[in-house]
There are 2 protein chains.
Amino acid sequence: MGLTKTEIFNDQQNEIASFAKVIGHPARVAILQQLFKIDTCHCGDLVSEIGLAQPTISQHLKELKQIGLIKGNVEGTSVCYCIDAVNWAKMKNIMLQFLNQDLPKIDDCC
Amino acid sequence: MGLTKTEIFNDQQNEIASFAKVIGHPARVAILQQLFKIDTCHCGDLVSEIGLAQPTISQHLKELKQIGLIKGNVEGTSVCYCIDAVNWAKMKNIMLQFLNQDLPKIDDCC
DNA sequence: TTTATTAATTGCAATATTACGATTAATATT
DNA sequence: AATATTAATCGTAATATTGCAATTAATAAA
């Protein structure tokens, strides 16, 4: 009924899905790539770089911050965003573990 | 307005987001893990294993099949699903490239 | 041919997401 | 104090997602 039944899955499954979900929008992929490229930047920079309205970018930044992949420092009237290295590494390990599962020996079904 | 502006992003960004989006639900994570664990299985097995209704599992299988991560073989009245090894490897490479981006030298913002 | 089994499809309700205009909040500058 | 700058928040419209009951489709078994 429109809401995910998280309670029937284990913590690992929910965590993998949560991280993947946040990465599952091209605007957030673009924001993360830009932060990797230029280390730090402001919301306004991302607005002009990406081409979505300021409230939209702000909303995507909020989601990235909420899950811990980025952090923001207030600098006067501006806010400086950057990758949260520790949490990025944590997320990366969780995703790598999932992606690196051993493929079955037999390539085809049944 | 409710729809992602894919046209303002490049192919790589859209592809990363598409793969991540499909993995961004715990039921699909669970389905993939189960297929890795037991190599092949039927829709009914996943229904009893995961605990969602049959139409719901069927819908998730459809999404996984649509993006190419799994394939299904018809076997009488049953369908045998398995990981699509080639496409899984392709997806993995795309995601690894994104996850392995070099972290900035300075850990903190600005 | 009738019945059983299995999975896809349809239709629907509830909720979530995406995007943006308008406004607000907070700080700088004049 | 008045004004400018920057980003967050609010409100809203459009669309997407999640989940399931009911049904349908397809094959197997009797």
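Within every chain, numbering begins at 1; the chains are lettered A, B, ... in the order of the sequence lines, protein sequences first and strands thereafter.
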### Query
Can you tell me if the side-chain N/O atoms of A/His60 get under 4.0 Å from OP1 or OP2 in C/dT17?
no
### Message
D/dT18, OP1 or OP2 - any side-chain N/O from B/Thr56 closer than 4.0 Å?
### Response
no
### Query
Just checking A/Ile57: base, sugar-phosphate only, or nothing, at a heavy-atom cut-off of under 4.0 Å?
nothing
### Message
Using Watson-Crick or G-U wobble geometry with both distances under 3.5 Å, which nucleotide pairs with C/dT30?
### Response
D/dA1
### Message
Are A/Trp88 and A/Phe19 an aromatic pair, judged by ring center distance below 6.0 Å?
### Response
no
### Message
Looking at B/Thr4, I'd like to know whether one of its side-chain N or O atoms comes within less than 4.0 Å of OP1 or OP2 on C/dT18.
### Response
no
### Message
If we ignore hydrogens and angles and just use 3.5 Å, is the side chain of A/Asn87 paired with the main-chain N or O of A/Gly68 as donor and acceptor?
### Response
yes
### Query
Mapping A/Pro55 and A/Thr77 onto DNA chain C by nearest heavy atom, which one lands closer to the 5' end?
A/Pro55
### Task
Using a cut-off of strictly less than 4.0 Å, decide whether B/His42 has a side-chain nitrogen or oxygen near OP1 or OP2 of C/dT5.
no
### Message
Side chain of A/Cys43, heavy atoms from C-beta onward: which of C/dT15, D/dA7, D/dG19 has the nearest atom to it?
### Response
D/dA7
### Message
Judged by each residue's nearest nucleotide on DNA chain D, which is more toward the 5′ side, A/Cys80 or A/Lys5?
### Response
A/Cys80
### Query
Which nucleotide in the set C/dC20, C/dT6, D/dA8 lies at the smallest distance from any side-chain heavy atom of A/Val79?
D/dA8
### Query
Below 4.0 angstrom from OP1 or OP2 of C/dA7, is there any side-chain N or O of B/Ser78?
yes
### Query
Roughly how far apart are A/Thr4 OG1 and A/Asn14 CG, rounded to 0.5 Å?
9.0 Å
### Query
If only side-chain N and O atoms of A/His25 are considered, is one of them under 4.0 Å from the OP1 or OP2 phosphate oxygen of C/dA19?
yes
### Summary
Taking C/dT9, C/dC20, D/dT18 as options, the one with an atom nearest any side-chain atom of B/Gln59 is D/dT18
### Task
Would you confirm whether B/Gln13, through its side chain, and B/Asn10, through its main-chain N or O, come within 3.5 Å as a donor-acceptor pair?
yes
### Query
Mapping A/Gln54 and A/Lys21 onto DNA chain C by nearest heavy atom, which one lands closer to the 5' end?
A/Lys21
